[in-house]
Protein chains: 2
Amino acid sequence: MNPFDATRVSGQVGPSALDVCEKCGSRVTGICRPLDVAALDDVASESEQTSLPARATLFREGDPATRAFSIMNGTVKLTRLLPDGRQQVVGFRFAGDIIGYTTAKTYPFDAELLTPSQFCRIDRPKLDKLLRTYPTLERRLLDLCLEELAQTQEHVVTVGRRTAESRVAAFILGLVEAQRRRGPLPKEIAMPMTRADIADFLGLTLETVSRTLTGFRKRNLIAEPAHQRMQILSMAGIMQLAEGEGD
Amino acid sequence: MNPFDATRVSGQVGPSALDVCEKCGSRVTGICRPLDVAALDDVASESEQTSLPARATLFREGDPATRAFSIMNGTVKLTRLLPDGRQQVVGFRFAGDIIGYTTAKTYPFDAELLTPSQFCRIDRPKLDKLLRTYPTLERRLLDLCLEELAQTQEHVVTVGRRTAESRVAAFILGLVEAQRRRGPLPKEIAMPMTRADIADFLGLTLETVSRTLTGFRKRNLIAEPAHQRMQILSMAGIMQLAEGEGD
DNA sequence: CGTGGGATTGACACGACTCAACCCCGGTGG
DNA sequence: CCACCGGGGTTGAGTCGTGTCAATCCCACG
């Protein structure tokens, strides 16, 4: 399980060139995957594209949940606030993921861009109409939600029961997995989040994350050839730390 | 938000006497809530009642997910295993909650009874047929899933960023909230889980949970008049510990 | 060249874990 | 009837992993 995104659904195969929607150019890995051309057309006409710079927020925790977003490219950080002002990152989202769909009146978390991003935006009333028109769409949403739930539970395990080293290793594996699901795995993977973001995701401090990552580097498990880029040198080593060292 | 169960849905009001299904006697707080009488009838005829003693397991992580369960009464513990054999409790479920519905081929966690329980059981093929027949049922499932997701994210925050004292306080509030949602809040609430269960839920050790609870008792925040029963003496105090003391 | 955000590193403190002893109570069997 | 047993709970002493605080480095950017 991977706490990073909501794209993978049971039985779903990896993306292929055919999955690209000619309407909006986004890979059809998100909600639209099960739709036929007519339905895609319909969805496309109801939604609109936007793009925003890094650090922009799509919405904040508590805002009225008036629309949902489908990420076309870029990375988004989802956070919840604590009463004392600190934050917990509840997940990262990438191209193809859906953000902000909820039956509640308000969003349950902040959504902030880590990179400049493009996405499709659709108003809730329109989306609800589409859901009624295309039952497979609702089915799809349920699938995504169930998958996301399983991932979040997995993340609870990570945060609740693992050492700092094991958490960071699990985080790296999650990053790799998210990347892999979106296409062939490059030697160098993007890591647009800061140490602080990772720490807030894993329930650690940024210092501990930094120390752990330098530890990994010194043991030649990973390399960081450039800012926000990472190379996995020993996948086996990372996996061992993530799983075996749960203790 | 409450990490305990999946019953609450946005806009839903508290249960009333009218919510009891005359077919199976269970309160219609679970999946059946939005159904009309005919549909309820249909659902009832497709499912069957069972009861099991405490410590029985409904299913285990990795078992083929062949059926779903609706709890009529009793308490269920959901756990995930770690490679090293320890467990993380991902949630507790009570009367009215749905367990085991997933689109994956296998269950993502163990479900073990903490108390003797009765429940309705329905085979996946039958349930899927019902979902196709009654779109509101699927809608309802999506609602429940979204709600559960929000609760689980909230739990990530609890486990990831709070002190032992704050976690235990949050746990108590969750218990209370789960109870309240099922009827008028009794002075004494049931707490069928052991210190070890609570610890595995909160990412602590059972000793820490024990120490924290005795601390609460000595400060007259709570009382434990009998084994597995708890009385809240100072709700305000508990809430302050849960929220303010996030640090 | 100066500035600021991100990252690293070190010294130290402390909260939670570990290990272990002990209590309490209900069940069981001699 | 009571001794024994086992599971759950409590309590204590000591350790250790992270958090805290603070200094420093690096580099992109203006």
Side-chain angles (χ1 to χ4, degrees), chain A residues 53-55 77 82 84-89 112 114-116 158-169 171 190-219 222-230 241 245-247, chain B residues 53-55 77 82 84-86 88-89 112 114-115 158-169 171 190-219 222-230 241 245-247:
Chain A
R55 285 156 201 271
K77 175 177 76 168
L82 285 142
D84 64 5
R86 290 175 312 158
Q87 65 173 16
Q88 171 77 39
V89 174
E112 182 186 327
L114 292 182
T115 64
T158 298
V159 166
R161 302 263 83 155
R162 299 212 228 251
T163 63
E165 210 167 57
S166 176
R167 291 185 213 187
V168 175
F171 166 77
M191 190 174 67
M193 51 292 281
T194 67
R195 307 302 195 215
D197 291 333
I198 301 170
D200 284 337
F201 181 59
L202 296 175
L204 298 169
T205 59
L206 70 91
E207 291 93 333
T208 299
V209 171
S210 179
R211 276 186 253 269
T212 306
L213 284 175
T214 54
F216 286 0
R217 257 183 277 121
K218 288 189 175 154
R219 281 184 273 167
I222 61 167
E224 292 185 290
H227 189 54
Q228 301 191 332
R229 322 234 87 226
M230 174 178 291
L241 285 177
E245 289 278 28
D247 193 358
Chain B
R55 285 156 201 271
K77 175 178 76 170
L82 286 141
D84 62 6
R86 289 174 313 158
Q88 171 77 39
V89 175
E112 182 186 329
L114 292 182
T115 65
T158 298
V159 166
R161 300 265 85 153
R162 300 213 226 252
T163 62
E165 209 165 58
S166 176
R167 291 186 214 188
V168 175
F171 166 76
M191 191 174 69
M193 49 292 280
T194 67
R195 308 303 197 214
D197 291 333
I198 301 171
D200 284 338
F201 181 59
L202 297 176
L204 299 169
T205 60
L206 68 91
E207 292 94 331
T208 300
V209 171
S210 179
R211 275 187 253 270
T212 307
L213 283 176
T214 55
F216 286 0
R217 258 184 276 121
K218 287 188 176 155
R219 282 185 272 167
I222 61 166
E224 293 184 290
H227 188 54
Q228 299 191 332
R229 322 233 87 226
M230 175 178 289
L241 284 176
E245 288 277 26
D247 195 0

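Predicted model only: the values in this text are computed from it and were never measured. All chains are named by letter (A, B, ...) in the order of the sequence lines, taking the proteins before the strands, and each is independently numbered beginning at 1.
Between B:T163 and B:S166, the side chains place no donor N or O within less than 3.5 Å of an acceptor N or O (distance only, hydrogens not considered).
Remark: B:S210 is not in phosphate contact with D:dG9, judged by side-chain N or O atoms under 4.0 Å from OP1 or OP2. Side-chain nitrogen and oxygen atoms of B:R211 include none within less than 4.0 Å of the OP1 or OP2 phosphate oxygen of D:dT11. Dashed line: the shortest gap from a side-chain N or O of B:T214 to OP1 or OP2 of D:dT10 is not under 4.0 Å. Contact between the side-chain N/O atoms of A:R217 and the OP1/OP2 oxygens of C:dT8 is found at a separation under 4.0 Å.
Protein atom CG of B:L213 is 16 Å distant from nucleotide atom P of D:dG8, rounded to whole Å. The interatomic distance linking A:M191 (CE) with C:dA7 (C1') rounds to 11 Å, in whole Å. When the P atom of D:dT18 is taken as reference, atom CZ of A:R167 falls 7 Å away, rounded to whole Å. Distance CG (A:L206) to P (D:dT20): 10 Å, rounded to an integer number of Å. For the pair A:H227 NE2 and D:dC26 C1', the interatomic distance rounds to 11 Å; values are reported in whole Å. A straight line from CD of A:E207 to C1' of D:dT24 spans 14 Å, rounded to a whole angstrom. Rounded to whole angstrom, the span from the CE atom of A:M230 across to the P atom of C:dA7 amounts to 11 Å. One can place CD1 of B:I222 at 13 Å from P of D:dG9, the figure rounded to the nearest angstrom.
In terms of modelled atom types and a separation under 3.5 Å, the side chain of B:R195 and the main chain of B:L206 share no donor-acceptor contact.
Side-chain proximity of A:T205 to D:dT20, C:dA16, C:dC19: nearest is D:dT20. Distance from the side chain of A:R55 is smallest to C:dG6 among C:dG6, D:dT11, D:dG7. Each of D:dT11, D:dT10, C:dA7 was ranked by its minimum atom distance to the side chain of A:R195; first place goes to C:dA7. Residue B:L204 places its side chain closer to C:dA16 than to any other of D:dG19, C:dA16, C:dT9.
Counting heavy atoms of neighbouring residues, nucleotides and ligands inside a 6.0 Å radius, atom CZ of B:R219 exceeds 12 of them. Within a 6.0 Å sphere centred on CZ of A:R217, other residues, nucleotides and ligands contribute more than 12 heavy atoms.
Looking only at side-chain heavy atoms (C-beta outward), A:V209 and A:R167 stay at 4.5 Å or farther from each other.
No engagement by B:G215 is indicated, since no non-hydrogen atom pair under 4.0 Å with the nucleic acid exists.
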